[in-house]
Amino acid sequence: MYGERVSRVPDAVLWWSTAPGSATPGRRVLPDGCMDVIWADGALLVAGPDTAAHVVTDRPGARYVGLRFGPGTGPAIFGVPARELRDLRVPLDDLWPGAEVRRLTERAGEAADARPVLGPALGAVLEEEAARRLGATHRPVDTALVGCVVEGVRAGRPVARIAADTGIGERRLHRRCLDAFGYGPRTLGRILRMNRAVDLARGGTPPATVAAVAGYADQAHLSREVRSLTGVPLGALIR
């Protein structure tokens with residue numbers, strides 16, 4: 001069971017899920033340029049930006065609630081550059097003071113115990129803390145840079161053009177992107193394009209059309225990129 005809604009925190013999504021009651025094969029979490037704070041059966045952890053699919057083996061009946069922060073926005077919440085969390089899952093108290101995390105864990109546990117619908121109630125606790133930290137951060141989101149890069153890579157613009165649009169050199173842009181997204185603009189573009197392609201395919205769009213609409217050279221290019229970033233063919237992701 002999975003559900004989500006737009007969060008009250010800017011550029012974030014609140015999501016919740018419960019694993020099946022019986023053992024199932026590992027599920028594949030696709031890279032999406034995002035960072036998450038996740039309540040996982042009572043523990044709080046952070047998922048950094050992935051460069052490839054992350055395979056998760058759930059305990060039967062495991063419960064999760066998370067806040068997914070859009071590309072470039074997570075560092076303002078967590079207080080560290082995205083590159084330091086790339087391809088990692090770390091306990092939240094590795095990043096925030098232990099006493100604060102214990103209090104947040106207690107509040108989240110009380111919300112989980114008090115409401116039959118887990119996601120919205122527990123998610124409100126995570127949203128409140130994220131909004132507080134966003135308002136008090138000493139590492140604010142560079143919305144102009146983040147917006148320009150995300151828009152540029154989604155439009156398929158060359159990195160040189162994106163750098164010119166932001167008013168900084170390519171090397172400096174790459175460093176700024178490592179801090180904001182966890183990787184450079186080319187990798188971010190590959191990941192966002194792959195996610196668009198998977199969404200189109202899951203909606204029933206034929207692969208050849210997916211390749212054309214998502215900006216791949218051809219269907220073979222689409223197949224290579226999807227397998228490179230997810231470890232499986234496109235067809236395996238839409239079954």
Side-chain angles (χ1 to χ4, degrees), residues 4 6-7 9-15 28-38 45-56 66-90 92 94-96 126 130-131 133-135 137-199 214-216 225-226 228-231:
E4 66 175 43
V6 174
S7 172
V9 179
D11 199 21
V13 171
L14 174 66
W15 59 269
R28 202 168 292 269
V29 180
L30 303 188
D32 57 7
C34 299
M35 301 169 69
D36 296 58
V37 58
I38 303 170
L45 59 91
V46 175
D50 291 326
T51 57
H54 180 77
V55 179
V56 179
L67 266 182
R68 181 183 305 119
F69 303 105
T73 61
I77 304 293
F78 299 121
V80 297
R83 56 183 161 78
E84 295 187 11
L85 297 173
R86 184 174 55 230
D87 293 320
L88 296 178
R89 303 293 184 270
V90 301
L92 183 59
D94 280 2
L95 306 178
W96 294 356
L126 300 181
R133 286 189 162 268
L134 193 59
T137 183
H138 298 296
R139 190 188 294 271
V141 178
D142 187 339
T143 53
L145 178 109
V146 166
C148 188
V149 172
V150 171
E151 179 187 3
V153 299
R154 281 182 170 153
R157 295 180 191 133
V159 173
R161 166 73 183 282
I162 296 172
D165 289 344
T166 60
I168 60 179
E170 288 186 52
R171 289 186 179 180
R172 188 178 176 200
L173 175 66
H174 186 79
R175 291 193 298 270
R176 296 279 293 276
C177 286
L178 290 178
D179 286 346
F181 306 109
Y183 23 68
R186 288 187 179 87
T187 299
L188 177 66
R190 290 179 64 212
I191 287 170
L192 296 184
R193 180 174 60 181
M194 179 273 296
N195 274 271
R196 185 184 183 201
V198 171
D199 287 343
Y216 293 94
E225 282 287 277
V226 169
S228 173
L229 290 167
T230 71

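Just so you know, residue 1 is the first one in the sequence shown, and it goes up from there.
Of all heavy-atom pairs between F181 and A82, the closest is C-CB, 3.6 Å. Taking every heavy atom of both residues into account, S7 and L67 meet most closely at OG-CD2, 3.6 Å. In plain terms, the two heavy atoms of R190 and S228 that are nearest each other are NH2-OG, 3.3 Å.
Using a cut-off of 4.0 Å between Lys/Arg side-chain N and Asp/Glu carboxylate O, D50 and R89 are scored as salt-bridged.
Under the salt bridge (charged side-chain N to carboxylate O under 4.0 Å, His left out) criterion, the residue pairs touching residues 167-176 are D142-R176, with sequence neighbours excluded. For residues 144-156, the set of pairs meeting the salt bridge (charged side-chain N to carboxylate O under 4.0 Å, His left out) definition, not counting sequence neighbours, comprises E151-R157.
Taken to the nearest 0.5 Å, the CG atom of L229 stands 6.0 Å off from the CD1 atom of I191. Taking CD1 from I162 and CG from L173, the interatomic distance works out to 7.0 Å, rounded to the nearest 0.5 Å. In this structure, CG in L45 is found 11.5 Å from CG in L88, a value given to the nearest 0.5 Å. Going from atom OG1 of T230 over to atom CE of M194 covers 6.5 Å, rounded to the nearest 0.5 Å. Between L30 atom CG and D199 atom CG the span is 9.0 Å, to the nearest 0.5 Å.
Contact of the L192 side chain with the V153 side chain is registered, since non-hydrogen atoms from C-beta on lie closer than 4.5 Å. With a 4.5 Å cut-off on side-chain heavy atoms, M35 and P75 count as touching.
Taking D36 as the reference, W15, C34, I38, A47, R68 meet the side-chain contact (heavy atoms from CB on, under 4.5 Å) condition, with sequence neighbours excluded. Scored by the salt bridge (charged side-chain N to carboxylate O under 4.0 Å, His left out) test, R196 finds no partners at all (sequence neighbours excluded). Every salt bridge (charged side-chain N to carboxylate O under 4.0 Å, His left out) that D165 has, sequence neighbours left out, goes to R161. Take T51 and apply the side-chain contact (heavy atoms from CB on, under 4.5 Å) test, not counting sequence neighbours, and it matches R86, D87, Y183.
Just one residue in the list V46, D94, L85 forms a side-chain contact (heavy atoms from CB on, under 4.5 Å) with V80, and that residue is L85. Residue P10 forms a side-chain contact (heavy atoms from CB on, under 4.5 Å) with just one option from L134, T143, V141, and that option is L134. Exactly one of V149, L188, V159 qualifies for a side-chain contact (heavy atoms from CB on, under 4.5 Å) with C177. That residue is V149.
D179 places no side-chain N or O within donor-acceptor distance of the main-chain N or O of R83, the cut-off being under 3.5 Å.
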